[in-house]
Amino acid sequence: MHGDVAALSRDVVQDLIYQGFQARFLEGGAAPPGAAPFRVDIRGVVMARAMRHSSDGKGDLCCPGHLAPGPLLGFGATPLEFLRHLGRKGTAPAAARSGGSSWTDLRRGLIGWDGPPGTMTQVLAGAALAFAQRGQDRAALVFEEGSAMETGGWHEGMNFAAARAAPLIVVLDMARYADRSGKGEVDSVARGYGVAAAVVSKEPYPGLFGTVATARRRAVQGRGPTVIGMLPRGESDSAVLHDAFVAWALAEAGVTEAEVRTIERAASAGVDHAFSRLSREPEADPHDALVPVCAHEVPQPPWTRRTPPNPGWRAAGEPTEAYDAR
Amino acid sequence: MHGDVAALSRDVVQDLIYQGFQARFLEGGAAPPGAAPFRVDIRGVVMARAMRHSSDGKGDLCCPGHLAPGPLLGFGATPLEFLRHLGRKGTAPAAARSGGSSWTDLRRGLIGWDGPPGTMTQVLAGAALAFAQRGQDRAALVFEEGSAMETGGWHEGMNFAAARAAPLIVVLDMARYADRSGKGEVDSVARGYGVAAAVVSKEPYPGLFGTVATARRRAVQGRGPTVIGMLPRGESDSAVLHDAFVAWALAEAGVTEAEVRTIERAASAGVDHAFSRLSREPEADPHDALVPVCAHEVPQPPWTRRTPPNPGWRAAGEPTEAYDAR
Amino acid sequence: MPAELPSQVTRTREGRPATFLEAIAEALWEEMERDSSVFLMGEDIGAYGGAFKVTRGFLEHFGQSRVIDTPISEGGFTGAAAGAAHMGLRPVVEMQFMDFISPAYDVLTNYIATSLYRGAGPLPMVVRGPVGGGKRGGPFHSQNVEMAFFHTPGLKIVYPSTAADAKGLLKSAIRDDNPVIFEEHKGLYRAPHCREMLPADDHVVPLGRARVAMEGDDITIVTYGLMVHRSLEAAAELARDRIRVEVIDLRTLLPLDEDAIVASVQKTGKLLIVHEDTRTGGIAGEIAIRINERAFEWLDGPILRVTAIDSPVPFSGELEDYFLPSVADVVTAGRYLVNY
Amino acid sequence: MPAELPSQVTRTREGRPATFLEAIAEALWEEMERDSSVFLMGEDIGAYGGAFKVTRGFLEHFGQSRVIDTPISEGGFTGAAAGAAHMGLRPVVEMQFMDFISPAYDVLTNYIATSLYRGAGPLPMVVRGPVGGGKRGGPFHSQNVEMAFFHTPGLKIVYPSTAADAKGLLKSAIRDDNPVIFEEHKGLYRAPHCREMLPADDHVVPLGRARVAMEGDDITIVTYGLMVHRSLEAAAELARDRIRVEVIDLRTLLPLDEDAIVASVQKTGKLLIVHEDTRTGGIAGEIAIRINERAFEWLDGPILRVTAIDSPVPFSGELEDYFLPSVADVVTAGRYLVNY
Ligand SMILES: Cc1ncc(C[n+]2csc(CCOP(=O)(O)OP(=O)(O)O)c2C)c(N)n1
Ligand SMILES: Cc1ncc(C[n+]2csc(CCOP(=O)(O)OP(=O)(O)O)c2C)c(N)n1
Ligand SMILES: [Mg+2]
Ligand SMILES: [Mg+2]
């Protein structure tokens, strides 16, 4: 699916309805113990879908950030994978060693967020630089919380991307959960870096889709990054939810009630299956915590979780090997 | 001397000529071994002078940054102090323990720079916050290299100052010594933070003076920070030198040639004296390196620069005191 | 007036026991009342009352100029705190999670820690916040941060293990003229066994002095924070075998109370260090070499350590429990050392 | 073609000895020629050729997409390097002075070091640059940075002491699939006694293995970087008293070559650690406790250390010389230990 189409085609709309339902059922399902609740802003799903997906590691790259699972689903992740990850199962994509709500699968073009807001803008700027260096038709998309603009890290990443005209699209979710100070309107900040900017509120979905598609086109043409500010829907209800999208699809995209019901049933069945399957998935294996943290094996220092050291004078003759150093 | 006057008064102009000559003679004098050469942009001296000075710790605060010694002299530092500092003498303001070209003397309103570009914008933002919290008629001025805008640290400091409407004036010296990328025009960046901005090039000195005086007035009125971009004079010659100021003073400020000569002689004699005095100043005392780095004494760990430890079984009876732990 | 006070700062006034978290809140409140130059900065500490609600009600009482909600910019507001400290204020900076101190690493080590040395005067300021694992927070909400700063001359590091110490040490930290990193284990915040009556008067505990949490003469365990409690549990288990453990609670990590450790090792001849932080480059190393320098002759066995394993903090509960040092680990090591 | 090459990368090709700096330049050049995914980023490394001129002429030869002049934003471009590494490139990031790595502390410890662990794959990248004192650079241009990262699982740290090792280790670091911090002591860059003939073939030195710089059986000195040279001088002086010193050059600090240290201590029974970095929280502590864990029984004296004092690096020459460990300090300590 290319981002080169200016409007949403009917089958993409159906896919999006499907992913929206998946997301809603994930949201509605019993959240695994300890997992943070999440609300899916359907606009994130629409925007992610405007990028070019593939599963061979050669498509676009997306960091869903806190807008997961929407963009994750949009890039081809399954509800079961998402549940495994959130549920810290041993079968989880990151083997339950890492958290958040998104993970890395570079072949599918997914990269998990980590670190303070702003970090992923730096990382995706570098990935975008790599695309440009190789002259590839690829771009990088990162969803950040609006507060990312408060961090110096975001500015450094943005400045770097701007200076190198890297094919990067930054979507800033401008909702605020608490009274924290910090100025900076998306427009003028983008102007400070000489990059393109767009602000989206509740505008029609083809417009959102087209905003990213245009940004993507600019990006791969070497015309540099675009910053997209996504405004909150309202004071208390910041996200635009799936219902709104379905209502639009019915009214504007020629999708029928019957089709929606069919899609909904399929999504519901799939997510139900994932939940029931999840309960049978094994927990993480403690020994997995001891996997090397380096790519080539770096032995754990002695006596980390084994028997105490046994100095040589006790195990006559074999001083350094008398205990398990791994 | 208040920053409330819109134009330079004649006696301030004479002071500035004096300081300009001092700076030039410092520059021209044999640079102490190892010291970096410096060139004084007279505009920095003029701008520093538009702030309110006092020597009781209640005036404005200035970080001269790499534009020292100009603003240092403007805030009342002497050439001898400057030479001691640059020459790493034991009599130096920071006892030769620290370098750069400016130092801290809070009573005179001077604060030495340290760390990456951008750090001092954060620090002065906090100092300015303290002024505002106490309702004092005080403001903070920081001279930064233009590259400070490339650092995340600068953006965080700027955002913080803007959010708190702190009485802060940031002068960015936009000269560049090497080909480094990084966008960001002063104007649009300032707009991103919703703060006032000004750009000065070679404009008439009363204008420069007035720019800071206005910024200072806005600042202490609670109207927030101002960012001033100081453009380079040209490709190869970035600083506006003292001669230009003297020429202007002769042409526009009613200062006479004879007065200039008298001021020049006085400055020259003072700096000569400082140089000759400097040669007789003692070097730093090595034991000074052991001064506590904490305000309450924190003992150095044992055997740092003393005799080796002498375990108790050798110095029978006094196991833990047999060596000097300091 | 008392009716208006936020409940988490009234326990001692009302003669009731306080949790670790309440002890922290009381220290902040009392110091702000005592000294108008003390003020707070941090993310969501004002309107929202803080992620852990330590500062709930502070904004209403002390006002916007002394309870400052900051942007997400730990480096920037820590640098700003330094500027305010230069001007005579005494900032107390909250890191929402102490893991977030890492963007402030530069300004803390290069600017703040060096200020006195560079002749720019002392910088009285505290950076405090929750640390530690066991809460399923994963790699970026569970760290212990002492070793990021332990190597930096000019800083102090405090890490209390009891509610009373938390209050008394935080008050000292705020009054100290040096920058102090103050770590609060979130596993202690509301732990029922940490609830205790605090001294009603101005309760101040000096920095730099360890505490003997349990006396014994067979083996010394040096530890701090949550691990004090784990070590005491282990000591109780060892006591059943008549092994008498001395447990030293460091309380302040920098400067290290070397004398207290040396004195105990001279008594027991055996030293086990227990820390929750990961192994390589942990504080156990510095303690080991200091003992070599000052008390080698007294050692009757190797200096050993029980620590987390060398890995980021795992997200899954199973993995995290395995990653963290357990009471059983301490018992095994203690028994081994005693029999050595 | 050879005529066009920048002079600092031609020594070995021309069969002439290379300085430490030239060895670094050769390693970079050869790896860039060998593997098109290797590229350079840093401040002023392109048009200006680098603050120390390590990369003079690289921009002209390899072009703008492989020699990238960055803004002053060490955190930002180190993060970007990680992104490029995710996409299969192998970035080599220059810190103009290694002191400037501190703004990148967050991204290095929290993002980059944890990548493999978090399931985001290995991040092959090198962060290199000049470290160390003795050049009158003052507190912010003289630091050793190993202890900022030594505690972080997932990173490697390399610190060579000879030109040949500098070249061989840097090549290994670039080929390694892990993030590597590579420290180059600026006191060695152009030191005449470091000039040596480098092996003409592809010279690679494995990471993680120490080198015996001098054999002896009276006392072991474990050291690295510039201090290897100071220690060898001290060893020569001690040799006049027939004291036979074994000098171990760690070369890689993380992972530590524990086996090499243990083997030497089992031979000599005496261990002195010498590092230029400041004392408290220095690497000597970790070495001391590892020896306690593995070779306590072989110790015939306390493990001691000679280090810089606990202070920022002083600006004045007199102060800096006093601050840094000297040959005399090593001799004193060595003699003391031998007589113990
Ligand atoms: C260095 C660092 N500081 C702070 C945080 C904690 N943090 C993450 S997101 C966030 C708030 C984000 O606010 P906003 O952008 O308004 O996003 P929302 O959650 O409302 O979408 C905070 C405080 C962090 N993860 N890392
Ligand atoms: C963290 C950090 N990175 C880099 C530097 C080195 N540095 C200081 S100023 C500077 C260049 C400044 O460039 P510009 O703003 O153009 O200033 P100029 O020197 O030309 O006035 C550099 C590279 C530093 N001191 N700290
Ligand atoms: Mg938000
Ligand atoms: Mg400049």
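Just so you know, these numbers use all the heavy atoms, side chains as well, and skip hydrogens, waters and symmetry mates. To find a chain, count down the sequence lines: A is the first, B the second, and so on, and within it residues start at 1.
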Can you tell me how far the [atom1] atom of [X] sits from the [atom2] atom of [Y], to the nearest 0.5 Å?
X: D:E320; Y: B:R97; atom1: CD; atom2: CZ; result: 14.5 Å
X: B:H287; Y: D:E318; atom1: NE2; atom2: CD; result: 12.5 Å
X: B:L290; Y: D:I309; atom1: CG; atom2: CD1; result: 4.0 Å

For residues B:A289 and D:Y322, report the shortest heavy-atom separation together with the two atoms involved.
-> CB-CD2, 4.1 Å
Identify, with sequence neighbours excluded, every residue that meets side chain to side chain contact (heavy atoms under 4.5 Å, CB included) alongside D:S102.
-> C:Y105, C:D106, C:N110, D:F140
For atom NZ of D:K135, is the number of surrounding heavy atoms from other residues, nucleotides or ligands below 6.0 Å larger than 12?
-> no
Atom group of B:A92 that falls short of 4.5 Å from chain D, counting heavy atoms =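 For B:A92, neither part sits under 4.5 Å from chain D.
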Below 4.5 Å from any heavy atom of chain D, which atoms of B:P117 appear? Answer side chain, backbone, both or neither.
-> side chain
Return the option, out of B:G115, B:G152, B:A148, B:G153, with the maximum number of heavy-atom pairs under 4.5 Å with chain D.
->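 Going by pairs under 4.5 Å, I would pick B:G115.
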Passes side chain to side chain contact (heavy atoms under 4.5 Å, CB included), D:D310 versus B:V293? Steps please.
-> CA-CA 8 Å; D:D310 277 338; B:V293 291; 5.8 Å; no
Are the side chains of [X] and [Y] in touch, meaning some heavy atoms are under 4.5 Å apart?
X: D:S73; Y: B:T151; value: no
X: D:P71; Y: B:S147; value: no
X: D:R136; Y: B:R88; value: yes

side-chain hydrogen bond (donor to acceptor under 3.5 Å, both in side chains) against B:R191, all qualifying residues, sequence neighbours excluded = none
Among B:E145, B:E150, B:M149, which residue meets the side chain to side chain contact (heavy atoms under 4.5 Å, CB included) test with D:I72?
->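 Of B:E145, B:E150, B:M149, side chain to side chain contact (heavy atoms under 4.5 Å, CB included) with D:I72 is met by B:E150 alone.
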